[in-house]
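Per chain, numbering begins at 1; letters A, B, ... match sequence-line order.
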Amino acid sequence: MAATIDVHLPDGSVRDMPEGSDIGDLAASIGPRLVAAAVAATVDGRPVDLSTKVTPGAVVTVVTSDSPLGREVIRHSTAHVMAQAVLRLWPGARYAIGPVIDDGFYYDFELPGGARFTDDDLARIEAEMRSIMAEDQPFVRQEVGVDEARATFSDQPFKVEIIDAVATGSVEVDAAPASGADDRQGDAPILSTYRNTPSFVDLCLGPHVPSTGRLGHFKLTRVAGAYWRGDERRPQLQRIYGTAWESEQALNEHLHRMEEAERRDHRRLGAELDLFSFPDEIGSGLAVFHPKGGTVRRLMEDYSRERHVAAGYEFVGSPHITKAGLFETSGHLEWFAEGMYPPMKLDGTQEYYLKPMNCPFHMLVFKSRQRSYRELPMRLFEFGTVYRYEKSGVVHGLTRARGFTQDDAHIFCTAEQMEDELASLLTFVLDVLGDYGLDDFYLELSTRPEHKAVGSEEEWESATSVLRRVGEQRGLEMVIDEGGGAFYGPKISVQARDAIGRTWQLSTLQLDFQEPGRFGLEYTDQTNAKRRPVMIHRALFGSVERFFAILVEHYAGAFPAWLAPEQVRVLPVRDDHMDYALAVTAQLRAAGYRVSTEPASEPLGTRIRKAKLTMVPYVLVVGDDDVAEGTVGVNRRGSERPERGVPLAALTAQLADDVSTKRA
RNA sequence: GCGCCCGUAGCUCAGAACGGUUAGAGCACCGGCCUUGUAAGCCGGAGGUCGCCGGUUCAAGUCCGGCCGGGCGUUCCA
């Protein structure tokens with residue numbers, strides 16, 4: 001009678017397996033569907049191959065192809081197949097590293113004679129990969145010592161370098177071999193390799209799918225240069241990026257998301273919809289807003305102002321340039337000079353800087369006279385335009401510009417007021433963001449950095465726990481960014497998911513333990529003692545330009561009626577309907593709507609098409625019937641069929657509803 | 001910053017691999033005709049120092065060098 005091994009499953013049940021069974025056998029004993037979906041496993045939480053032997057008492061989870069870890073395994077295995085394909089097509093090529101990244105993988109190569117991949121090569125490599133997958137080659141794990149590994153990869157200098165790094169202990173290596181078979185103590189490192197064919201083997205921790213036939217839903221996406229080990233002094237390699245999924249459907253959905261993101265790109269829509277541009281004459285990262293973009297911006301800002309007034313903010317204003325001394329006091333010249341435009345010298349020696357931040361100015365507003373506890377919380381708000389000298393490689397449309405406008409608020413309050421203030425701030429921020437159409441959030445709490453931080457442990461501890469409590473009260477998902485806070489204070493940031501599931505960091509609420517001290521801020525309390533106020537930095541949009549870009553992408557250019565630069569376009573069927581069209585236009589304008597009229601100099605079909613391409617929410621057609629009845633023909637954005645004979649009053653009621661609800 | 005790719009009309013792109021008349025098209029723009037009931041009517045016109053500077057050549061949009069501007073990458077370390 002064969003001995004059995006008891007294996008624990010994630011649901012807490014225990015299963016007896018014959019001695020010598022591997023995890024694949026375990027999956028088979030559970031069911032055929034699990035076998036079909038299984039790509040790897042974890043043993044006591046450690047990822048392993050399905051071929052790993054089961055051990056007594058181990059908690060084994062079978063990893064399926066549609067789980068996050070399963071997808072990683074598929075992507076990593078697909079990267080190996082890509083390396084093999086490249087080596088088949090370019091004999092003598094060298095392969096470096098091929099990790100998994102978000103939604104895909106890459107592999108870095110050096111081609112013989114310094115050759116470079118072209119886009120056409122991607123198709124050739126894909127074809128070769130498909131034939132490797134058709135061959136259904138096994139992934140065979142082998143654990144080897146350093147010397148044997150060096151011998152195996154003797155013609156692969158990048159691999160040898162990795163092996164040497166492991167050998168000298170300069171690279172962390174998973175100490176316990178994944179098989180769990182033995183547990184050698186550190187001094188003699190063991191490496192693992194995965195072999196597909198006699199001629200192709202790769203150094204890899206694994207795990208991998210059992211064989212290349214388990215792969216196939218992939219696409220190579222682009223080629224880029226990348227330095228070996230990310231070091232610009234080292235050789236530049238050719239990197240091929242790809243994506244891989246558990247099914248054709250999942251792959252297609254991913255590719256569709258990518259296309260959708262491209263279709264929504266605010267730089268493209270910004271030009272198509274005549275919203276803004278980046279003229280070369282002005283300089284990199286500096287935009288001009290055209291009338292339509294300017295209208296959207298004004299509407300965004302107007303509503304923001306309205307809400308801030310209602311929430312007890314006071315509006316302040318500050319200049320774009322200042323003497324260097326202000327940024328010396330604030331400390332920006334110490335730690336932020338890199339990000340600032342160089343100074344201009346005036347009056348011989350006096351240096352002036354363009355402002356990269358608004359806070360020092362607001363500090364001066366606070367300091368302009370003696371302050372009483374009765375004035376707190378004091379909430380100062382400004383749309384303050386700032387300039388930052390972003391490195392040339394990082395500017396990106398409106399989302400990373402060199403000149404942009406912050407909706408910047410600085411709140412001064414007492415330590416006792418801080419918690420209530422933060423709680424109402426967070427409510428306010430989430431509420432207002434929701435009105436702009438973003439309502440799927442999670443929070444990120446950034447805590448004290450380990451090394452440099454101003455302020456006492458206790459201050460940090462109490463402020464961080466206040467932020468945590470405030471976040472928890474909202475009941476939103478909260479991610480802790482351990483040690484990710486700025487040195488001057490902890491912060492909580494709001495991350496929003498847009499219409500296609502991308503996340504953007506939006507608003508931040510940041511405590512500042514540094515600035516009030518540097519500026520010597522104080523207020524007089526009830527006992528006539530001088531006390532230092534607590535300061536909170538708060539941005540809601542962050543940058544008006546960036547938030548504008550996010551809205552363009554979120555709505556794919558189809559702004560809801562309250563934000564649309566043009567809400568209604570009126571099209572007379574023939575010239576002789578023009579007077580009526582103008583009368584309708586005038587009435588709607590009088591009611592406060594943004595309306596244009598398009599004369600009948602082109603066929604109606606053409607004018608309809610042009611109007612729809614600009615994504616006007618309502619296109620009205622007026623002809624004989626409408627003139628007679630006082631009605632309009634309504635083409636609502638997004639609806640296939642026009643609605644004829646609508647009384648003008650019904651349309652204005654609809655518009656009023658759209659605008660007041662801020663939907664549609 | 002660095003690497004790769006790209007700069008031709010307001011926009012999208014031909015022309016460039018092999019240097020050779022007045023550099024083309026579509027959209028947009030202007031004018032005329034058409035008088036239109038739901039996603040591209042017809043005719044005509046204007047619009048270019050081919051990103052800039054220099055070099056090679058009898059000859060440069062095309063080849064070479066430098067500069068400027070843009071896109072992507074430069075986060076993920078077997």
Side-chain angles (χ1 to χ4, degrees), chain A residues 72 75-76 79-80 83 95-108 116-119 149 153 156 158-166 170-174 189 191-194 202-206 221-241 265 267-268 271-272 274 277-285 338 389-397 571-578 599-614 619-626 632-635 639-645:
Chain A
E72 281 188 26
R75 287 165 189 158
H76 202 174
H80 278 228
Y95 52 131
I97 57 168
V100 170
I101 54 176
D102 284 349
D103 291 341
F105 60 88
Y106 68 79
Y107 216 115
D108 288 347
R116 291 201 312 268
F117 292 117
T118 66
D119 288 346
F153 295 100
Q156 289 293 338
F158 300 114
K159 297 294 178 190
V160 169
E161 193 174 324
I162 294 162
I163 293 163
D164 289 345
V166 173
S170 61
V171 162
E172 281 278 313
V173 71
D174 192 352
L191 296 111
S192 55
T193 64
Y194 280 82
D202 199 356
L203 193 62
C204 186
L205 280 171
T221 49
R222 61 178 178 272
V223 46
Y227 297 105
W228 169 232
R229 304 207 144 224
D231 183 339
E232 64 190 55
R233 292 162 306 193
R234 312 288 307 260
Q236 181 158 36
L237 307 177
Q238 296 279 303
R239 174 171 297 177
I240 300 177
Y241 288 89
D265 190 314
R267 293 166 301 174
R268 169 204 178 101
E272 279 176 10
D274 197 14
S277 59
F278 285 92
D280 288 350
E281 292 86 338
I282 299 178
S284 181
E338 289 279 287
Y389 190 73
E390 301 285 358
K391 288 201 227 168
S392 68
V394 309
V395 298
H396 179 87
L571 312 181
V573 174
R574 286 190 317 271
D575 271 347
D576 50 323
H577 305 125
M578 188 60 173
S601 53
E602 284 179 302
L604 184 63
T606 303
R607 287 178 288 146
I608 296 261
R609 179 170 186 272
K610 285 181 179 170
K612 295 219 166 183
L613 287 175
T614 62
V619 180
L620 305 185
V621 173
V622 294
D624 290 333
D625 302 346
D626 300 298
V632 292
V634 178
N635 297 269
S639 102
E640 286 296 311
R641 302 200 172 284
E643 202 183 337
R644 293 278 299 271

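- Of the candidate nucleotides B:C72, B:U74, B:A78, B:U74 has the atom lying nearest to any side-chain atom of A:V394.
- Residue A:D202 is out of contact with every strand shown, counting any heavy-atom pair closer than 4.0 Å.
- Judged by atom type and distance alone, A:D624 does not reach the base of B:G37 through any side-chain donor-acceptor pair under 3.5 Å.
- With rounding to whole Å, A:L191 atom CG is found 11 Å from B:A78 atom P.
- Comparing the P positions of B:A17 and B:C33 gives an interatomic distance of 47 Å, to the nearest angstrom.
- In this structure, the nucleotide among B:A78, B:G73, B:U38 sitting nearest to the side chain of A:Y241 is B:G73.
- In this model, the phosphate group of B:G71 is approached by a side-chain N or O of A:R267 to a distance below 4.0 Å at OP1 or OP2.
- Annotation: B:G20 and B:U57 have their C1' atoms spaced 12 Å apart (nearest Å).
- Atoms OH (A:Y106) and C1' (B:U74) sit 10 Å apart, rounded to a whole Å.
- Using a 4.5 Å cut-off on side-chain heavy atoms (C-beta onward), A:I101 and A:Y241 make contact.
- Across all strands shown, B:G3 is found opposite B:C72 as a Watson-Crick or G-U wobble partner, with both distances under 3.5 Å.
- With rounding to whole Å, A:R641 atom CZ is found 11 Å from B:A39 atom P.
- Here the nucleotide nearest the side chain of A:S284, chosen from B:G69, B:A78, B:G37, is B:G69.
- Among the heavy atoms of the strands, none lies under 4.0 Å from A:D576.
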Atom pairs under 3.5 Å, N or O on each side, protein against nucleotides 25-33 of chain B: can you list them with distances?
none

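- Here the P atom of nucleotide B:G73 and the CD1 atom of A:I101 are 10 Å apart, to the nearest Å.
- Under the Watson-Crick and G-U wobble criteria, each requiring two contacts below 3.5 Å, nucleotide B:G24 is paired to B:C13.
- Atom pair A:D265:CG and B:G71:P shows a separation of 10 Å (rounding to whole Å applied).
- In this structure, NE2 of A:H76 is placed 8 Å from P of B:A78, rounded to the nearest angstrom.
- Base engagement by A:G623 is indicated by at least one non-hydrogen atom pair under 4.0 Å involving a base atom.
- Nucleotide B:C52 has B:G66 as its partner under the Watson-Crick or G-U criteria, with both atom distances under 3.5 Å.
- In this structure, the nucleotide among B:U38, B:G37, B:A78 sitting nearest to the side chain of A:L203 is B:A78.
- When each of B:A39, B:G69, B:C72 is scored by its nearest atom to the side-chain atoms of A:L613, the top-ranked nucleotide is B:A39.
- Going from the C1' atom of B:C52 to that of B:G7 covers 11 Å, rounded to whole Å.
- Listed by chain and residue number, A:R574 satisfy the salt bridge (Lys or Arg N to Asp or Glu O under 4.0 Å) test with A:D576 (two or more places apart in sequence, or in another chain).
- Put simply, CZ on A:R644 is 9 Å from C1' on B:U38, counting in whole angstrom units.
- In the set B:G41, B:A78, B:G37, B:G41 carries the atom at the smallest distance from any side-chain atom of A:P603.
- Following rounding to the nearest Å, A:R607 (CZ) and B:C34 (C1') show an atom-to-atom distance of 12 Å.
- Here the side chain of A:P99 is nearest to one of B:C76, B:U38, B:G37, namely B:C76.
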